[in-house]
Amino acid sequence: MSGARAPIAVIGTGYVGLVTAIGFAELGNEVWCVDIDAEKIERLKGGEIPIYEPGLAEALAASSERLHFSTEVGPALEHARLMLVAVGTPATYSGDADLSAVDAVVEAMPASDQHALVMKSTVPVGTGQAIRRTLVRAGKSELSYVSCPEFLKEGAALEDFRHPDRVVVGDTGDWAGDAVVELYEPLGAPLVRTDIASAEMIKMAANAFLATKISFINEIANVCEETGADVLEVALGMGLDRRIGNAFLQPGIGYGGSCFPKDVSALKQLAGNSGYHFQLLTSVIEVNELQKRRVVSKLQKHLGTLIGRRIALLGLAFKPETDDMREASSLVLAARLHADGAHVVAYDPVAADEAAKLMPGVELAASALEALTDADAAVIVTEWQEFRGLDWNRVAAAMRGRLLVDGRNCVDRDAVARAGFTYEGIGR
Ligand SMILES: NC(=O)c1ccc[n+]([C@@H]2O[C@H](COP(=O)([O-])OP(=O)(O)OC[C@H]3O[C@@H](n4cnc5c(N)ncnc54)[C@H](O)[C@@H]3O)[C@@H](O)[C@H]2O)c1
């Protein structure tokens, strides 16, 4: 079999698992995918992608002969040694990570020195050690364990899989760590090979740092508003400093999504559970929560009461190029506006189905212009490309009011002003 790529298994075919599976299939690995969601597996078997992620459908079609889908772990165990685990690890009510899906996967593993669990899911530091203790108690100590956290971004997930900034492998020095290094080798990324706890911490610290950068620039934006500076100029000037860098210096109405909120909270809780008060992260979280609500104050500043006002939200997904609505800022914003008596009408190019389930009382429109028709004010919540290209004269003719809150600083404010609008950005 020299030269052939090793078959692998991927357990959990969500945003991370599916991209990882398709990515490795593209590299020539046979990939055995497992998910407990039978409907998802059926759709995947039919060649259908259950999520919105650019390029994924084409990539699935191109490598479909190497992808095998099942709700059972048996075929995966039969064909592959590395079991890449990509199940969800959402937050519990206490803010800790909910590891029940990970635990279910561990329980389903046999006592085998031929297999390894490779943790792609984001888990708190110490999880690998705890799993290894569980395996010993269950008489499965020969099963190997590797931490290989995932750093891809939704919206550019396949690109990130193909060109990762780095691959992190945390292991105990047995065959499985080497096998994971070999698996990722064709991607040519810098490798950080370390112990399991450090690998787990790299993932949590990286997300916490990015979230900190966002909350930092959001606070700078808020101070800019009070002092007459323009945060876009400030971010440009800061970002050109190579020690700072321009990534994640875009002010807005707060971060959301399936990762930052829960991972920042999980790290804060992890520190707290170990007796350390992570003061900085407490502020990062609070700043983010307040940032989502600043839009409401901006609307009130111009409209007075929001009772009976028709407010159009443009974009609902937590960021562009995804249908993921988990912890999206739009959810908090819509609920706040609703509570203040506004009528909320919203449009998103791809997240409408998810939004319909999560946003009771919000009227969903089929296009941006439909959402904007007769609105007293518009708010750009997610910076979808199509909003940048709106014809503001047409929008002005359709709307009742002339107020635009650009929650992502993404449209040409001069063009908006020329169409007769009052423009409110963030930090400008
Ligand atoms: N989404 C991202 O951008 C991203 C990026 C990096 C890391 N992560 C981490 O990766 C993990 C997965 O995230 P996601 O966004 O892909 O989640 P997801 O919710 O999209 O997918 C998880 C999948 O696991 C399946 N599943 C649950 N229990 C299972 C079990 N016992 N056996 C088999 N399948 C099971 C679910 O049905 C679902 O399809 C999380 O820990 C997340 O923090 C996510």
Side-chain angles (χ1 to χ4, degrees), residues 9-23 32-44 48-54 56 69-77 83-92 96-109 117-125 127-128 131 147-161 164-168 199-200 202-208 210-211 255-267 270 317-328 351 354:
V10 174
I11 305 181
T13 56
Y15 287 87
V16 167
L18 195 54
V19 170
T20 305
I22 292 174
W32 303 81
C33 303
V34 187
D35 203 292
I36 49 170
D37 184 337
E39 191 198 321
K40 195 177 266 190
I41 289 296
E42 276 316 305
R43 289 173 71 181
L44 286 165
E48 194 190 329
I49 296 281
I51 53 172
Y52 178 83
E53 183 60 48
L56 208 54
F69 297 100
S70 174
T71 53
E72 303 295 328
V73 77
L77 286 163
M83 306 280 124
L84 276 61
V85 182
V87 297
T89 50
T92 60
D96 297 281
D98 176 354
L99 296 177
S100 53
V102 168
D103 293 340
V105 173
V106 173
E107 205 179 312
M109 289 297 120
L117 285 167
V118 181
M119 193 56 65
K120 301 295 300 168
S121 296
T122 304
V123 294
V125 184
T127 301
I131 289 176
S147 166
C148 181
E150 182 53 58
F151 299 93
L152 62 74
K153 312 180 278 299
E154 287 174 26
L158 205 51
E159 263 320 285
D160 286 349
F161 173 88
D165 289 339
R166 77 302 212 182
V167 170
V168 175
E200 292 167 341
I202 288 169
K203 174 62 192 177
M204 297 192 95
N207 271 4
L210 292 173
Y255 61 78
S258 62
C259 292
F260 285 179
K262 79 170 174 65
D263 293 348
V264 174
S265 154
L267 180 52
L270 177 74
F318 87 93
K319 66 173 179 178
E321 299 300 330
T322 182
D323 59 351
D324 200 340
M325 287 286 298
R326 288 177 283 186
E327 301 284 335
E354 266 314 288

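Counting convention: from 1, in listed order, for ligands and their atoms alike. By convention here, the first residue in the shown sequence is residue 1.
- Close approach of ligand 1 to Ala101 is summarised as follows: ligand atoms under 4.0 Å from at least one heavy atom of the residue are 28 (N), 31 (N).
- Shortest contact from atom 9 (C) of ligand 1 to any protein heavy atom: Thr122 OG1, 3.5 Å.
- For atom 15 (O) of ligand 1, the nearest protein heavy atom (residue, atom name, distance) is Arg326 NH2, 2.9 Å.
- Distances from ligand 1 to the non-hydrogen atoms of Lys203 include at least one value under 4.0 Å.
- Taking any N or O of Lys120, backbone or side chain, none lies under 3.5 Å from an N or O belonging to ligand 1.
- Nearest protein neighbour of atom 30 (C) of ligand 1, counting heavy atoms only, is Ile36 CG2, 3.7 Å.
- For Asp323 and Tyr15, the side-chain atoms include at least one donor-acceptor pair closer than 3.5 Å.
- Contact annotation for Ser258 and ligand 1: only side-chain heavy atoms (C-beta onward) come within less than 4.0 Å of the ligand.
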- [ ] For side-chain contact (heavy atoms from CB on, under 4.5 Å), just list the numbers for Arg326 and Cys259, CA-CA rounded to whole Å, side-chain angles, deciding distance to a tenth of an Å, and then say yes or no.
- [x] CA-CA 9 Å; Arg326 288 177 283 186; Cys259 292; over 6 Å; no

TODO: List the steps, then state whether side-chain contact (heavy atoms from CB on, under 4.5 Å) holds for Val34 with Glu72.
DONE: CA-CA 6 Å; Val34 187; Glu72 303 295 328; 6.0 Å; no

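- The nearest heavy-atom contact from the protein to atom 1 (N) of ligand 1 is Glu154 OE2, 2.7 Å.
- Listed by number with element, the atoms of ligand 1 under 4.0 angstrom from any heavy atom of Ile11 are 32 (N), 33 (C).
- Close contacts between ligand 1 and Glu150 involve ligand atoms 6 (C), 7 (C) [criterion: under 4.0 Å to a heavy atom].
- At the shortest separation from atom 44 (C) of ligand 1 among protein heavy atoms lies Val16 CG2, 3.2 Å.
- For atom 5 (C) of ligand 1, the nearest non-hydrogen atom of the protein is Leu152 O, 3.4 Å.
- Residue Gly14 has at least one heavy-atom neighbour below 4.0 Å for each of these atoms of ligand 1: 16 (O), 18 (P), 20 (O), 21 (O), 23 (C), 39 (O).
- Counting heavy atoms closer than 4.0 Å to ligand 1, residue Glu53 contributes nothing at all.
- The ligand atoms of ligand 1 that sit less than 4.0 angstrom from a heavy atom of Lys262 are 42 (C), 43 (O).
- Each of the following atoms of ligand 1 lies closer than 4.0 Å to a heavy atom of Lys40: 38 (C), 39 (O).
- Per-residue contacts place Gly88 under 4.0 angstrom from the following atoms of ligand 1 (heavy atoms of the residue considered): 22 (C).
- Atom numbering of ligand 1 starts at 1 in the shown order; those under 4.0 Å from a heavy atom of Cys259 are 2 (C), 3 (O), 4 (C), 5 (C), 8 (N), 44 (C).
- Distances from atom 20 (O) of ligand 1 to the heavy atoms of Phe318, Tyr15, Phe151 put Tyr15 nearest.
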TODO: Under the side-chain contact (heavy atoms from CB on, under 4.5 Å) rule, what do Asp165 and Phe151 come out as? Steps first, then yes or no, please.
DONE: CA-CA 9 Å; Asp165 289 339; Phe151 299 93; over 6 Å; no

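- For atom 11 (C) of ligand 1, the closest non-hydrogen atom of the protein is Val87 O, 3.3 Å.
- Considering each of Thr89, Val123, Leu44, Thr20, the one bringing a non-hydrogen atom nearest atom 41 (O) of ligand 1 is Thr89.
- Residues Val118 and Val85 have side chains not in contact (no heavy-atom distance under 4.5 Å, counting atoms from C-beta outward).
- Among protein heavy atoms, the minimum distance from atom 23 (C) of ligand 1 is reached at Asp35 OD2, 3.7 Å.
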